[in-house]
2 protein chains.
Amino acid sequence: MTEATGTASAARVADVLLLFADGPTARGVSEIARLLGMPKAVVHRILTTLVDRRLLETDPGVRGYRLGPGAAALGARALRESRLREAAMPVLRELSLQTGETATVSARVAGGRVYLDQVQSPQEIKMTVEIGRRYPLHAGSSSNCILAFLPAAEREAVLAAEITAVTEHTLVDPALLQDRLDTIQHQGYATSAGERQLGAGAIAAPVFGLDGEVTGSISVCGPATRLDEDTRDKVVPLVRAAADTISRKLGWHGGLPDRG
Amino acid sequence: MTEATGTASAARVADVLLLFADGPTARGVSEIARLLGMPKAVVHRILTTLVDRRLLETDPGVRGYRLGPGAAALGARALRESRLREAAMPVLRELSLQTGETATVSARVAGGRVYLDQVQSPQEIKMTVEIGRRYPLHAGSSSNCILAFLPAAEREAVLAAEITAVTEHTLVDPALLQDRLDTIQHQGYATSAGERQLGAGAIAAPVFGLDGEVTGSISVCGPATRLDEDTRDKVVPLVRAAADTISRKLGWHGGLPDRG
DNA sequence: GATTTCGTTCCGCTGGAAGGAACGGATGCT
DNA sequence: AGCATCCGTTCCTTCCAGCGGAACGAAATC
């Protein structure tokens with residue numbers, strides 16, 4: 001929204017581009033102009049340039065723009081060479097081995113988080129996630145983990161925004177959600193059951209970067225029937241230890257207020 | 001290079017971003033400024049903005065910038081929802097079934113092409129490609145296919161640029177390469193053996209978009225020992241037919257000069 | 001310790017982008 | 001069919017935001 005850093009024109013380009021990260025596959029000039037509060041002429045010029053560079057492409061019938069192969073090349077590399085992902089994967093392999101469930105790693109992005117990668121459970125019935133898909137921060141344990149450890153200002157901005165139920169088990173009351181975030185912040189991990197996907201359970205812990213800010217989270221997830229309260233006691237310390245290991249790999253060197 | 005369309009400032013942003021599509025993982029301000037011929041101050045401002053939007057992130061020791069999770073979110077979606085990919089995948093499944101080899105689909109991007117997706121061969125010894133990785137247009141059959149059907153101006157620009165050998169079997173003489181491109185354009189498909197990767201063989205055909213321009217290519221690839229001259233005669237018509245099917249799905253409705 | 005090279009900051013000038021308005025085509029509603 | 005709306009695109013003038021040369025401190029190299 002506010003652009004204090006860098007140049008406003010570059011921010012406009014980035015904002016236009018990021019609009020394509022979720023929502024409808026194709027968007028039109030007027031729609032984008034309305035969403036970002038820019039004149040249509042400006043949006044049109046930016047879109048033209050991005051098409052020229054193949055970051056976007058025009059939809060067949062000349063109605064609307066969508067992501068192009070240039071963005072694909074960029075993103076595939078971003079996924080492949082993410083520092084968080086590289087630090088997490090060996091730890092996740094271990095974690096998946098210990099628990100027998102799928103282990104995932106997510107990174108914080110503007111407006112939510114994305115799954116960077118996963119190590120799939122060897123079991124026949126298992127949970128898998130969609131790499132690179134963006135999810136909001138208010139539902140699910142991987143999301144809530146990030147939200148709970150965000151700087152207060154950013155956290156409140158998310159809570160103030162509209163909260164839409166993803167499933168019937170999503171917490172939609174901001175006050176209740178705030179309570180849960182307090183608990184998560186206090187105990188250093190998050191659990192969830194069916195908030196983002198029905199029948200799924202997960203245990204997640206936050207990952208911190210060099211500067212001490214939360215850069216993402218990891219989770220162990222599977223069918224809710226297997227991740228019951230008994231197994232949870234066994235899994236929680238494993239997930240927390242794994243998250244710590246990854247944070248340290250990223251250069252983080254601190255402690256959590258109410259942790260350990 | 002030349003920016004006649006849209007705005008120059010947006011083009012600068014796109015160019016900075018696209019620089020991260022290949023080459024070193026992390027790049028510095030001065031390096032980018034040198035590569036793009038911009039003042040350091042400008043590059044620095046753009047980078048600052050892109051970091052703010054999480055399309056880029058700063059490397060640990062504050063030395064250099066690299067792709068961030070925002071780019072990952074963008075690109076994952078671009079791959080997932082590419083029209084070319086969606087049109088190609090069912091056809092590639094069929095093609096892989098018929099040939100027993102790996103089938104791939106590539107899209108043209110600035111400075112080369114990227115693999116959008118593949119259907120892997122069921123055999124134990126098989127060839128696989130790296131999704132999202134960018135390759136130059138002068139080596140390999142998937143690449144040459146695109147190059148051969150590019151508008152003359154663009155093709156000559158590629159040929160004029162420096163041609164570096166990827167393996168010992170890469171054609172580096174522009175004249176010889178031009179001859180091959182003529183052949184490909186004439187017969188409507190391309191074959192290669194070990195140009196991009198030693199021991200690998202491939203048969204590729206171009207895919208055209210609504211406007212009749214080549215938007216990418218598909219290939220059947222595997223160990224060179226299995227893709228010999230005998231099997232080639234069987235595979236070529238299958239690949240050509242598959243490419244035609246995909247082109248038609250994309251709204252293309254024309255014929256090739258020396259084809260059929 | 002000297003020197004190069006880095007990332008970052010400052011500031012005055014100017015040229016390119018902004019953006020309101022108008023156009024023509026497509027679509028949908030009555 | 002006629003009307004109204006909404007779309008993408010283009011035009012043109014005004015002005016302010018970004019350009020970019022230069023200077024700075026830090027860090028790496030020799």
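Excluded from the calculations below are hydrogen atoms, water molecules and symmetry mates; all remaining heavy atoms, backbone and side chain alike, are included. This one's a predicted model, so the numbers in the text were calculated from it and none came from an experiment. Below, read A as the first sequence line, B as the second, and so on, with proteins coming before strands; counting in each chain starts at 1.
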- Task: Give a yes or no on whether the backbone of Ser106(B) and the side-chain of Ser217(B) come within a donor-acceptor separation of less than 3.5 Å.
- Result: no
- Message: Quick check against the 3.5 Å criterion: does Ser219(A) have a side-chain atom that pairs as donor or acceptor with the backbone of Ala204(A)?
- Response: no
- Which residues share a ring-ring contact (aromatic ring centres under 6.0 Å, His included) with Tyr115(B), sequence neighbours left out: Tyr135(B)
- Query: Taking C-beta and beyond as the side chain, do Leu79(A) and Leu116(A) meet within less than 4.5 Å on heavy atoms?
  - Reply: yes
- Message: If you compare every side-chain N and O of His44(A) against the phosphate oxygens of dT9(D) (OP1, OP2), does one of them come in below 4.0 Å?
- Response: yes
- N or O in side chain of Tyr65(B) less than 4.0 angstrom from dT8(C) OP1/OP2: yes
- Would you call Asp15(B) and Arg53(A) a salt bridge, taking side-chain N to carboxylate O under 4.0 Å as the test? yes
- Pairwise side chain to side chain donor-acceptor pair (under 3.5 Å) hits with a residue in residues 149-159 of chain B, at least two apart: Arg108(B)-Glu154(B)
- Query: By salt bridge (Lys or Arg N to Asp or Glu O under 4.0 Å), which residues pair with Arg80(A), not counting sequence neighbours?
  - Reply: Glu130(B)
- Task: Could you check which residues of residues 23-35 of chain A get a heavy atom under 4.0 Å from DNA chain D? Sort them by number, please.
- Result: Gly28(A), Val29(A), Ser30(A), Arg34(A)
- Message: Roughly what angle, to 10°, lies between the helix axis at the start of the helix from dG1(C)-dC30(D) to dC23(C)-dG8(D) and the one at its end, five pairs per end?
- Response: 60°
- Query: Are a donor atom and an acceptor atom from the side chains of Ser143(B) and Arg113(B) found within less than 3.5 Å of each other?
  - Reply: yes
- Query: How does protein contact run along nucleotides 16-27 of chain C, one letter per nucleotide 5' to 3', with B for base contact, S for sugar-phosphate only, - for none, heavy atoms under 4.0 Å?
  - Reply: -SBBB-------
- Query: Once you round to the nearest 0.5 Å, how far does CG of Leu35(A) lie from CG of Leu19(A)?
  - Reply: 5.5 Å
- Interatomic distance, NE2@His44(A) vs OG1@Thr7(B), rounded to 0.5 Å, equals 12.0 Å
